[in-house]
There are 2 protein chains.
Amino acid sequence: MNIEPLLKYMSNFITLSKDEEDILSSKLLYRKYLKGQYIVQHGDVCKYTGFVVSGCTKTFFMDSDGQEHIVMFSIEDWWTSDIGSFITQTPADFNVQCLENTELIMFSQEIIEDLYIRIPKLERFFRQIVEKGLVASQKRIVRSFSLSAKEQYLYFRNEYPKIEQRIPQYMIASYLGITKEFLSKIKSQLILEQ
Amino acid sequence: MNIEPLLKYMSNFITLSKDEEDILSSKLLYRKYLKGQYIVQHGDVCKYTGFVVSGCTKTFFMDSDGQEHIVMFSIEDWWTSDIGSFITQTPADFNVQCLENTELIMFSQEIIEDLYIRIPKLERFFRQIVEKGLVASQKRIVRSFSLSAKEQYLYFRNEYPKIEQRIPQYMIASYLGITKEFLSKIKSQLILEQ
DNA sequence: AGTAAATGTTAAACTAGATTAACATCATTT
DNA sequence: AAATGATGTTAATCTAGTTTAACATTTACT
């Protein structure tokens, strides 16, 4: 159980004593998933939120036409879950599936409530994490309002170069909300342009 | 200064003692704005987040073509600010403008940090508020992925009937991310349908 | 009441992106 | 090395939503 990446990540937000680190690490779950495995399934209540130690996941939903829409990729040092389901303890809208073999450090809903009491600093930590998530989510809405598909692709490529290299192109199209054919067209246009 | 609506709202999340209520109310700012006034201006750092006691605001940005895009309306019992700017204390992407005369209870950034220390429960309160915001923001992304313009309008009408009645139609079109002409077409289609 | 400004409607021409379908390339397994 | 499945490309056709522009209606002000 390698909890170091999480502690390092947390140190950007709060300072934990050795005792607090020990309490925390005794309450965490460490799990390994294989490529293709589901971490969360649509309709289930999401009992855990996971911090990615290694690997890669996609969070997606199916629309009424059976089309898959990817809302998020998670790689090392990111979180993965259906955060809405986790927070509200209602059935998940999303599926979370591993695109690679993936190692997670998991917080369960029950334990997190207990941890908030035993380590009040965690309340602050998660407030800040959720704040970051909210800001990112709002910026994404703004992009979808104001950028063309090509501009959104360029933004993605620039912002997440590491993700683009690990993931098939048709999934990037799905994340951008366009068809794989149209993304292919955009890419060939971009090559012609320069 | 009528702080009751805020206290009532907060009681859905946490229980404050009389002392804590007094500390809180001594630190809050109560402000009245006229219709048309700006609460936040693009480029400024947003120093306050406001709880709407009465009135209505729109939060919007200008795209590179000078087009206005509304990202949110706020009415009684909602929050209004550029929350991204407020959290990160960086220049605001958005403008916030009053659509009616509006009364706000305002938390300043400096004071909120101080209040987190004096009333640790507030950390929990704001974590939960931000969680709700994140969930709503993610659901909006899902809708924009999976619903047609007509479906999104029907969702809006159903979800926020009170807002629809107070606000000109062209602003609702802007919120939905479509032109006012197309919304007009959708509405006449809906009338024909039944 | 009359006028100007703000808001809403209609319709024709246009475009970004979707759909369909056929084919090309790459990776994995036997 | 051949075969199968997964991924990526190209091009023709189609459609949801935009643009433009002219007009209609409502609201607010003198």
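Just so it is clear: chains get the letters A, B, ... in the order the sequence lines come, proteins before strands, and each one is counted from 1. The basis for the numbers below is simple: all heavy atoms, side chains too, and nothing from hydrogens, waters or symmetry mates.
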Task: Between C1' of C/dA18 and NE2 of A/His69, the distance in whole Å - done: 12 Å
Task: Distance in angstrom units between B/Gln67 CD and D/dT18 C1', rounded - done: 10 Å
Task: Rounded distance in Å - CG (B/Leu147) to P (D/dA16) - done: 15 Å
Open item on the list: Quick check: closest heavy atoms across A/Cys46 and A/Ser85, and the distance to 0.1 Å?
Closed with: N-OG, 2.9 Å
Task: Taking every non-hydrogen atom, the tightest pair across A/Phe94 and A/Val40 - done: O-CG1, 3.8 Å
Task: Rounded distance (Å) that lies between atom P of D/dA6 and atom CG of A/Leu99 - done: 15 Å
Task: Euclidean distance, atom CD of residue B/Gln152 to atom P of D/dA16 [Å, nearest integer] - done: 15 Å
Task: Rounded distance in Å - CD1 (B/Ile167) to P (C/dT7) - done: 12 Å
Open item on the list: Nearest whole Å is fine: how far is D/dT7 P from A/Leu183 CG?
Closed with: 15 Å
TODO: Using heavy atoms to find the nearest nucleotide of DNA chain D for B/Ile178 and B/Lys35 separately, return the residue whose nucleotide is more 5′.
DONE: B/Ile178
- [ ] Nearest-nucleotide wise, let me know which of A/Lys180 and A/Ala149 is further upstream toward the 5' end of DNA chain C.
- [x] A/Ala149
Task: Check: A/Tyr9/A/Trp79 side-chain N/O donor and acceptor closer than 3.5 Å - done: yes
Open item on the list: Is the distance from the ring center of A/Phe60 to that of A/Tyr175 below 6.0 Å?
Closed with: no
- [ ] Answer with base, sugar-phosphate or nothing: what part of the nucleic acid does B/Phe182 contact at a heavy-atom distance below 4.0 Å?
- [x] base
Task: Given D/dT10, C/dT7, D/dG17, the nucleotide with the shortest approach to the side chain of B/Tyr170 - done: C/dT7
Task: B/Thr179 vs D/dT18: side-chain N/O to OP1/OP2 distance below 4.0 Å - done: yes
TODO: In whole angstrom, give the distance that lies between atom CD of A/Glu181 and atom C1' of C/dA21.
DONE: 10 Å
Task: Distance flag, aromatic centroids of A/Tyr48 and A/Phe86, threshold under 6.0 Å - done: no
Open item on the list: Check this one for me: any side-chain N or O of A/Gln169 less than 4.0 Å away from OP1 or OP2 of D/dA6?
Closed with: no
